[in-house]
Structures are given as structure tokens and as C-alpha cells.
Amino acid sequence: MNNISKGRSLSQIQIVTRTSILGVLAFVLMFLEFPLGFIAPPFIKMDISDVPALIGAFAMGPVVGITIELLKNLLHIFLKGTMTAGVGELSNFIIGSTFVAVSAIYYQRHKTYKGAVVALALGTLAFSFLAIVSNYFVVFPLYGKVMSMDAIIAMGTAVNGKVTSLWTMMIYSILPFNLLKGAVVSVVTLLVYKKASPFLHSR
């Protein structure tokens, strides 16, 4: 992995421009989503839109990565619209920012390939467990105002018989889904970052 310190030589205009490009790319990647019916109900979908934010954070720091997460969710609200009054996007921003921040902060102190792998693993664990808290206390209760909670749980039970309540859905559906998502996003990031790094660091 290239040394992140090279990004410090970039001008503010270059950083803003590259942050904007990565933010738009992350927004586009949000459209490439698909369900994982063997783990979670069909309304929970996989995407790799965190990859541009992770790449930006590794190259230019965690603040850039968080900004990319913010930009993609704002674009999603204003250009695609929201079916959750912004709650889904807020949750996506908080969870994605946690993934990006934890990963980037660790990588800044361990700027090697092994360091990147460990950083992404720590980021995956952090956002996966945060997702349990946010989904259990905020997101799913709000969805329950639109759809019966019994119906939501029944969708989880159809995928995994161990899902019998909101809490068991968190443990047997949400947690494994996010761990798998984190692993996929991490692998893609490791594959793409090395190729994207020369462009992100060049003046």
C-alpha cells in the first residue's frame, strides 16, 4: 500500500475535487444493490458504496472518507429520494463513517498491506456491532411504524428459523449480513486501492 503521507502534498482544490469524484462514485454504487436471501430479508440489500470512501480515507485521511459518506447520502436523498424520511440514509452515514474512520485511523499508524488488512477488519467489526445498536433501537422501530413488526420478523424467520424476535434478527441476520458485507467491501478496497492510489496521490 502506498504511504498515506503523500496525500498531504495535495492542494485543497485537488482534495475537494477528488473527494467530490469519489462521493459521486459512491452514490452511483448505491444503485448496484442486491439482496442476500440466504442471510437477511429481501429489504436488506448489499452494496459496495463504502469502497470509494475507504479509498479516499486511506489516501487522504479519515475526514475525507467521512465527507464522501456524507456526500453520497445527501445525493441519494436529493436525487433519488428517501422512503424512510432520511432515517435510512442517516443510519447508512453513521455506520459507513464508523467503518471508514476506524479503518483509516488504524491505517495511518500502520501503513503496510498487513496494516490495511487489519484496519479493514477492525472497521468491519466496529460498524457491524454499531449496526446492531442502531437497527435495534432506531431503524427497525421506525420501520415498524410503516410495516407491522410481526411482518418484519416473519420475513426474517422465513430466511432463518432462529429469528423469532427483533433481537434474534439482529444476531442471526443483521450481524452476519454486515460481517459478510464488510468482508466483501474490504476485499474490493484492497484490490482497487493500489490501482487508484497513483491518481489520488498525484499532483
Side-chain angles (χ1 to χ4, degrees), residues 1-10 14-15 18-19 21-30 32-36 38-40 44-73 91-135 170-202:
M1 308 293 281
N2 288 329
N3 192 313
I4 196 170
S5 64
K6 293 180 182 178
R8 294 172 185 161
S9 63
L10 297 174
Q14 288 171 322
I15 292 174
R18 291 168 197 194
T19 299
I21 292 172
L22 290 170
V24 172
L25 178 59
F27 165 65
V28 172
L29 288 175
M30 292 182 81
L32 303 178
E33 58 181 11
F34 53 91
L36 294 179
F38 60 94
I39 292 180
I44 301 175
K45 297 181 179 180
M46 164 83 78
D47 69 67
I48 58 170
S49 63
D50 292 320
V51 170
L54 286 164
I55 290 173
F58 277 9
M60 296 175 284
V63 173
V64 168
I66 293 172
T67 302
I68 293 168
E69 290 285 347
L70 177 62
L71 180 57
K72 79 168 185 181
N73 281 288
S91 176
N92 185 287
F93 169 69
I94 293 172
I95 292 171
S97 294
T98 300
F99 189 9
V100 166
V102 171
S103 299
I105 290 170
Y106 184 89
Y107 180 66
Q108 282 187 320
R109 297 169 182 170
H110 306 274
K111 301 166 188 173
T112 63
Y113 181 82
K114 180 180 178 180
V117 172
V118 173
L120 291 166
L122 291 174
T124 294
L125 291 174
F127 95 80
S128 295
F129 285 102
L130 177 63
I132 291 178
V133 176
S134 65
N135 278 291
M170 298 299 108
I171 300 302
Y172 295 111
S173 187
I174 300 301
L175 179 58
F177 174 88
N178 282 307
L179 289 173
L180 178 58
K181 177 180 178 179
V184 171
V185 170
S186 296
V187 169
V188 175
T189 299
L190 290 170
L191 292 173
V192 174
Y193 180 70
K194 188 173 182 179
K195 295 181 179 179
S197 184
F199 163 73
L200 293 172
H201 288 120
S202 66

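Not measured: the values here are computed from a predicted model.
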What distance separates [X] [atom1] from [Y] [atom2], expressed to the nearest 0.5 Å?
X: Phe177; Y: Met170; atom1: CZ; atom2: CE; value: 12.0 Å
X: Ile68; Y: Ser49; atom1: CD1; atom2: OG; value: 11.5 Å
X: Thr19; Y: Leu70; atom1: OG1; atom2: CG; value: 11.5 Å
X: Leu25; Y: Leu71; atom1: CG; atom2: CG; value: 11.0 Å
X: Ile39; Y: Leu175; atom1: CD1; atom2: CG; value: 10.0 Å

Closest contact, heavy atoms only, [X] versus [Y]:
X: Glu33; Y: Asp47; result: CB-CB, 4.1 Å
X: Ser103; Y: Leu120; result: OG-CA, 3.7 Å
X: Tyr193; Y: Ile55; result: CE1-O, 3.6 Å
X: Lys72; Y: Gly23; result: CB-O, 3.8 Å
X: Leu29; Y: Ile48; result: CD1-O, 3.8 Å
X: Ala57; Y: Gly65; result: CB-CA, 3.8 Å

Checklist entry - Is a side-chain N or O of Ser134 found less than 3.5 angstrom from the main chain of Ala131, in a donor-acceptor match? => result yes
Compare all side-chain heavy atoms of [X] with those of [Y] and state whether any distance is below 4.5 angstrom.
X: Ile66; Y: Phe93; answer: yes
X: Val185; Y: Phe127; answer: no
X: Glu69; Y: Val100; answer: yes
X: Asp50; Y: Lys181; answer: yes

Checklist entry - Angle class for the Phe58/Tyr107 ring planes (parallel below 30°, perpendicular above 60°, tilted otherwise)? => result parallel
Item to check | Pair Leu22-Met60, side chain to side chain contact (heavy atoms under 4.5 Å, CB included): steps then yes or no | outcome: CA-CA 12 Å; Leu22 290 170; Met60 296 175 284; 4.2 Å; yes
